[in-house]
Amino acid sequence: MRGTAIRRTVVAVAVAATLAGATGCTSSGEAADSGSAKPSSSAAPSSAPASSNPPAPTGPSADALRAVERATARAGSARVDSTTVMGSELSLEATGALGWRDGLTGTLMITYTGGTTAETMRRLGTTAMEARYLADAYYARMGEEFAQRLGGRHWIKYVYADLEDLGGGAGAGFADQMRNTTPHQAVKLLLTAGDVRRVGDEKIRGRRATHWSGTVGGATAQTVDIWVDDRNLLVKKVERGRTKTGDLTQTAYYDDYGATVSAARPPAADTADFKELLAAQDG
């Protein structure tokens with residue numbers, strides 16, 4: 001396999017696993033160009049509120065959202081079912097269980113459903129992958145065709161700190177996001193929105209839930225919507241913003257809070273390191 005194909009693939013996998021893991025928080029990564037190791041120059045919506053944001057809400061709305069933040073944080077884990085669409089670049093679905101008591105942990109099955117990145121992965125024999133998230137890194141399991149090109153190794157290891165090497169430090173947002181992702185980050189973000197409002201009561205997959213919405217991010221505004229059940233736990237989250245390749249929309253559903261979460265580290269002999277793969281291609 002040509003070096004550019006390996007580089008394209010390991011970067012595409014990094015973006016997909018990061019976006020899927022980010023179902024627990026707001027998207028702060030950048031769209032990756034599937035043809036290089038560098039993300040595009042236009043960032044996805046940032047989780048850091050701009051200084052020009054309106055004053056944060058106070059009163060009953062703020063009190064209600066803080067109760068949601070505390071309850072979701074205490075729950076510690078949940079089952080997740082999500083979809084992500086990033087313009088023409090990438091569409092994916094992810095299902096699994098994630099925990100957030102001590103950083104992000106858990107396992108997701110990620111399926112590429114559309115976009116130029118999905119086409120690249122299909123040509124390499126990969127339409128879905130398993131992603132395992134641990135305290136220091138996440139691991140992505142590749143298909144047999146790609147594994148043959150890596151000496152039979154099936155897993156790629158992405159140390160969070162090494163994600164900064166995705167291009168001139170632009171990947172630093174990925175690393176920080178993966179270290180700190182939790183569902184209640186969306187609630188924290190809403191607490192910075194001056195226009196946060198209670199939309200009303202709705203049914204989400206058969207459950208009654210209260211819908212909250214707000215706009216954050218200043219000049220790079222994004223909308224955040226959450227639905228909360230009678231236990232003050234998130235049952236749905238939708239985030240919308242813009243990237244260089246088009247609209248970014250991520251929808252996540254949560255249930256089975258407190259679910260058992262597991263993520264075993266793959267055998268070292270069956271694992272290739274992301275940073276070493278890129279260095280080998282540069283060499």
> Is any side-chain heavy atom of Arg265 less than 4.5 Å from a side-chain heavy atom of Leu134?
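Side-chain contact under 4.5 Å: yes.
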
> Working to the nearest 0.5 Å, report the span between CZ of Arg70 and CG of Asn232.
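These two atoms lie 8.5 Å from each other.
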
> Quick check: does any side chain N or O of Asp256 sit under 3.5 Å from a backbone N or O of Arg79, one acting as donor and the other as acceptor?
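No; zero donor-acceptor contacts below 3.5 Å.
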
> If we ignore hydrogens and angles and just use 3.5 Å, is the side chain of Arg198 paired with the main-chain N or O of Ser61 as donor and acceptor?
no

> Measure the shortest side-chain to side-chain distance between Arg153 and Met142 over non-hydrogen atoms and say whether it is less than 4.5 angstrom.
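No, their side chains stay 4.5 Å or more apart.
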
> Taking Trp100 for its side chain and Thr72 for its backbone only, find out whether a donor-acceptor pair lies under 3.5 Å.
yes

> Quick one: which of Lys236, Lys237, His211 gives a side chain to side chain donor-acceptor pair (under 3.5 Å) with Asp225?
His211

> Between Arg122 and Tyr112, is the side chain to side chain donor-acceptor pair (under 3.5 Å) condition met? List the steps.
CA-CA 9 Å; Arg122 286 192 184 98; Tyr112 298 92; over 6 Å; no

> Could you tell me which non-hydrogen atom of Gly106 sits nearest to which non-hydrogen atom of Ala263, and how far apart they are?
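Residues Gly106 and Ala263, closest heavy atoms: O-CB, 3.4 Å.
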
> For the residue pair Arg132 and Ala264, what are the closest heavy atoms and their distance?
NH1-O, 2.8 Å

> Ignoring hydrogens, what is the shortest heavy-atom contact between Ser91 and Val85? Give both atom names and the distance.
OG-CG1, 3.7 Å

> Indicate if Ile204 and Leu234 have the same hydrophobic cluster label, given that clusters are the connected sets of ILVMFWY residues with side-chain heavy-atom separations under 4.5 angstrom.
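No, separate clusters.
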
> Just wondering, do Val228 and Trp212 contact through their side chains at under 4.5 Å, heavy atoms?
yes

> Could you measure the distance from the CG atom of Leu65 to the CG atom of Leu190? Nearest 0.5 Å is fine.
6.0 Å

> How far apart are the closest heavy atoms of Val261 and Gly99, and which atoms are they?
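Scanning both residues, the minimum pair turns out to be CG2-N, 3.8 Å.
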
> To the nearest 0.5 Å, tell me how far Thr111 OG1 sits from Leu92 CG.
8.5 Å

> Once rounded to the nearest 0.5 Å, what's the spacing between atom CG of Asp81 and atom OH of Tyr254?
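If we round to the nearest 0.5 Å, Asp81:CG and Tyr254:OH are 10.5 Å apart.
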
> Using a 3.5 Å distance criterion without hydrogens, assess whether the side chain of Thr120 forms a donor-acceptor pair with backbone atoms of Thr116.
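Indeed, once roles are kept as given, a pair shorter than 3.5 Å links the two residues.
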
> Do Val187 and Leu233 belong to the same hydrophobic cluster, where Ile, Leu, Val, Met, Phe, Trp and Tyr are linked whenever their side-chain heavy atoms lie under 4.5 Å apart, directly or via other members?
yes

> State the NE2-CD distance between His154 and Gln148, to the nearest 0.5 angstrom.
8.0 Å

> What closest approach, in Å, do Ala97 and Leu108 show between heavy atoms, and which atom pair accounts for it?
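Of all heavy-atom pairs spanning Ala97 and Leu108, the closest is N-CD2, 4.3 Å.
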
> Establish whether Leu98 and Tyr139 are linked, either directly or via other cluster members, by ILVMFWY side-chain heavy-atom contacts under 4.5 Å.
no

> Flag the pair Gln222 / Val216 as yes when at least one side-chain heavy-atom distance between them is below 4.5 Å, and no otherwise.
yes

> Checking side-chain contact (heavy atoms from CB on, under 4.5 Å) against Thr84, which of Leu248, Leu90, Thr249 comes through?
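Exactly one pass, corresponding to Leu248.
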
> Applying a strict under-4.5 Å side-chain criterion to I, L, V, M, F, W and Y, I'd like to know whether Val224 and Leu191 cluster together.
yes

> Determine, step by step, whether Asp247 and Arg242 satisfy the side-chain contact (heavy atoms from CB on, under 4.5 Å) criterion, reporting the C-alpha distance in whole Å, the side-chain angles of both residues, the deciding distance to 0.1 Å, and the verdict.
CA-CA 5 Å; Asp247 293 335; Arg242 293 282 299 172; 2.5 Å; yes

> Rounded to the nearest 0.5 Å, what separates atom OG1 in Thr126 from atom CD1 in Ile110?
12.0 Å

> Is any NZ, NE, NH1 or NH2 atom of the basic residue among Asp229 and Arg208 found under 4.0 Å from an Asp or Glu carboxylate oxygen of the other?
no

> In terms of side-chain geometry, is the basic nitrogen of Arg141 or Asp270 positioned less than 4.0 Å from the acidic oxygen of its partner?
no

> How close do Ile226 and Ala186 get, heavy atom to heavy atom, and via which atoms?
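The pair with the smallest heavy-atom distance is CG2-CB, 4.2 Å.
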
> Using the ring of each side chain (for Trp, its six-membered ring), is Tyr158 parallel, tilted or perpendicular to Tyr138, with breaks at 30° and 60°?
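Parallel, since the angle between the ring planes stays under 30°.
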
> Please lay out, stage by stage, how Thr117 and Glu89 fare under the test side chain to side chain donor-acceptor pair (under 3.5 Å).
CA-CA 6 Å; Thr117 298; Glu89 183 77 19; 3.0 Å; yes

> Tell me whether Trp227 shares a hydrophobic cluster with Val68, the cluster being built from Ile, Leu, Val, Met, Phe, Trp, Tyr side chains joined at under 4.5 Å.
no

> side-chain contact (heavy atoms from CB on, under 4.5 Å) between Leu277 and Leu150: does it pass, once the steps are laid out?
CA-CA 9 Å; Leu277 287 174; Leu150 297 178; 3.7 Å; yes

